[in-house]
Structure formats: C-alpha cells, structure tokens
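Heavy atoms only: backbone and side chains are in, while hydrogens, waters and symmetry mates are out. Throughout, residue positions are numbered sequentially from 1 according to the sequence presented.
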Amino acid sequence: MAGSRERRPDPSGSPGDAPVAGGLPSFNFFSGLVGGPGSSDVGTAGQGGCAQASWLARATFDEYDERGFNQAGIHSETGSRYDLGGYDVFGYDVHGFNARGVHRATGTPFGPDGFDRQGVDRDGYDRSGRDADGYDRDGYDPWGLDRYRRDRDGYDPRGFDAAGIHRDTATRFSPAGYDRWGRDEAGYDRRGFDAAGIHRDTGTRLAPDGFDAHGRDAAGEYRWRST
C-alpha cells in the first residue's frame, strides 16, 4: 500500500525489528519452540527464528504474574512448570488433577485410566486391585481369606468349614481331637475344663494346679496378680 514501509529484521533480534506479518510469533509453552506467524508447524521458526526466540524469551521469561508464573508457564520459585503446591499455570498437578480433584482430560474425578487422584477407581479399588480393607474384587485378603476368615475352599485358618467340619478328618474334630470351639468329644477344652467350668481331673472348679478356668485360685486371686 502507498505510504507503507517494509520492516526488515535486524540481526540483533530487537523486538522493534522482528518480523510482524500476520502477528507475533507463536510459542509452545511445553516444548519451548517458536513458530513463525501463520505457521502450522510450531517449532519451525523460519527466517529469523533464532532472533524471534531470543526476543520472546527476553520479553516473557522475566515477568511473573501474581501467582509466580511467567508467560511460558514457569514458576519463579521452583523454576519448573509447577508451583510450591504442585500445580501448573492452569491449576493442574503432574497427574492432571486440579485442587478439587477433577481431571483435566475427563472433567470428572477420574483420569483416563479410571483412577482418581488417590489412585482409587469408581468401585473403590486401588491400583493393586484391593479395597480400603485390603480385600480384592473376589473378596479375599492378601492371605487368601474372606471377611469371615475363610479361604477359597470355605475353611478357616484352623481347618473348619462353616458347618464345623474339619477338612482333614471330615468330622467335627481336628486331628488333635478338638472341635471348632476347642473342645474334645467329652466336652473338655485343652486345659481340661468343660463348658460349666468343671475340671475333668478334680471334678471341681479348680484344676490340679489350684486355678479355675479363668485363672483364679480358691481365694479369687488371679495367678498373674502382681505382688
């Protein structure tokens, strides 16, 4: 146009002489590369690209907003893309969650992998496949026991099933001769007391050592009483 004057790039990279056709050069915050105005190939600066990059760095890297970020998304105190709280200029942490726990890619509390910021999925299982109580999706803990303390075959740690049958003897008694309640066929426990507290050897409430089923002597004193 008449009266217009072409501005030529100055080798020094002065912002006043940088090419301005089509607007300012584009800058990729994440790669740090500069592209020429109107270019769809960010990172290909074209003629004068180095000068543009140098000028843009001087124009943006030295100025920080009230949150401490410059226009390239670098924080003044950490020297990284994240502030002291772990959030970037857009308010997201390294895993893509904001302070409210919403993921940038999904707009929900769960990331693309299906887990929230604590690493728990919609069903309440963590990345190892266990819930807050340590049970897997089948309902078993790391030792292979369910919430009723039974294994996958239905037996408890002592070998009894829900009906009180022992896996090794197929009876109500273990190989040692005791049922699920710890009593033998005559109804005595391992210490020799029956359900009423009578000892098999003395026929009284006291065992031969002078203590009853609760560990008390004839005077009612406990054997573990401090003196």
Side-chain angles (χ1 to χ4, degrees), residues 22-46 49-162 167:
L24 289 175
S26 58
F27 183 75
N28 187 315
F29 286 173
F30 301 101
S31 68
L33 300 177
V34 177
S39 172
S40 61
D41 184 11
V42 174
T44 304
C50 292
Q52 292 177 21
S54 175
W55 167 71
L56 187 59
R58 291 198 305 274
T60 61
F61 275 66
D62 295 335
E63 298 179 2
Y64 295 89
D65 64 17
E66 66 278 4
R67 297 170 303 159
F69 289 100
N70 63 18
Q71 292 185 32
I74 301 301
H75 195 268
S76 60
E77 294 189 58
T78 66
S80 72
R81 290 176 49 212
Y82 302 95
D83 62 17
L84 295 174
Y87 296 98
D88 66 14
V89 67
F90 303 109
Y92 293 96
D93 65 19
V94 67
H95 301 294
F97 292 96
N98 64 19
R100 294 182 294 120
V102 176
H103 197 276
R104 73 194 312 165
T106 65
T108 73
F110 303 95
D113 61 357
F115 293 92
D116 64 15
R117 69 186 309 174
Q118 280 76 42
V120 178
D121 67 16
R122 296 175 186 272
D123 298 320
Y125 294 95
D126 63 21
R127 296 180 186 278
S128 69
R130 299 196 176 277
D131 64 16
D133 296 320
Y135 293 97
D136 63 21
R137 295 180 187 276
D138 294 326
Y140 294 94
D141 67 16
W143 296 273
L145 301 176
D146 64 16
R147 296 178 188 275
Y148 301 101
R149 311 304 296 161
R150 302 192 185 283
D151 63 21
R152 294 178 185 273
D153 295 322
Y155 294 98
D156 67 19
R158 296 172 301 163
F160 293 99
D161 65 14
R167 79 164 85 218

Quick one: side-chain contact (heavy atoms from CB on, under 4.5 Å) partners of Y87, sequence neighbours excluded? D83, D93, A99, R117
Separation of R122 CZ from T108 OG1 (nearest 0.5 Å): 5.0 Å
Side-chain (R130) to main-chain (Y140) donor-acceptor, under 3.5 angstrom: yes
Of all heavy-atom pairs linking L145 and P157, the shortest is CD1-CG, 3.9 Å
Between the side chain of H103 and the main-chain N/O of A105, is any donor-acceptor distance below 3.5 Å? yes
What is the distance from atom CD1 of I74 to atom OH of Y82, rounded to the nearest 0.5 Å? 10.0 Å
Quick check for you: to the nearest 0.5 Å, what is the distance between Y148 atom OH and D156 atom CG? 14.5 Å
Rounded at 0.5 Å granularity, tell me how far NE2 in H95 sits from CG in D116. 11.5 Å
T78 and L84 have their tightest heavy-atom pair at CG2-CD2, 3.7 Å
G144 backbone acceptor or donor facing R152 side chain under 3.5 Å: no
Nearest heavy atoms of D121 and D123, plus distance in Å: OD1-N, 2.9 Å
Kindly give the heavy-atom pair with the smallest separation between D138 and D136, and that separation in Å. N-OD1, 2.9 Å
D141 side chain near R149 side chain, heavy-atom distance below 4.5 Å: yes
Tell me the closest heavy-atom pair linking H75 and E77, and the distance in Å. ND1-N, 3.1 Å
Determine yes or no for a side-chain-to-main-chain donor-acceptor pair under 3.5 angstrom, with R100 supplying the side chain and P109 the backbone. no
Closest non-hydrogen atoms of R167 and D153, given as atom of the first, atom of the second and distance, are NH1-OD2, 4.4 Å
Main-chain N/O of F115 paired to D113 side chain as donor or acceptor, under 3.5 Å: yes
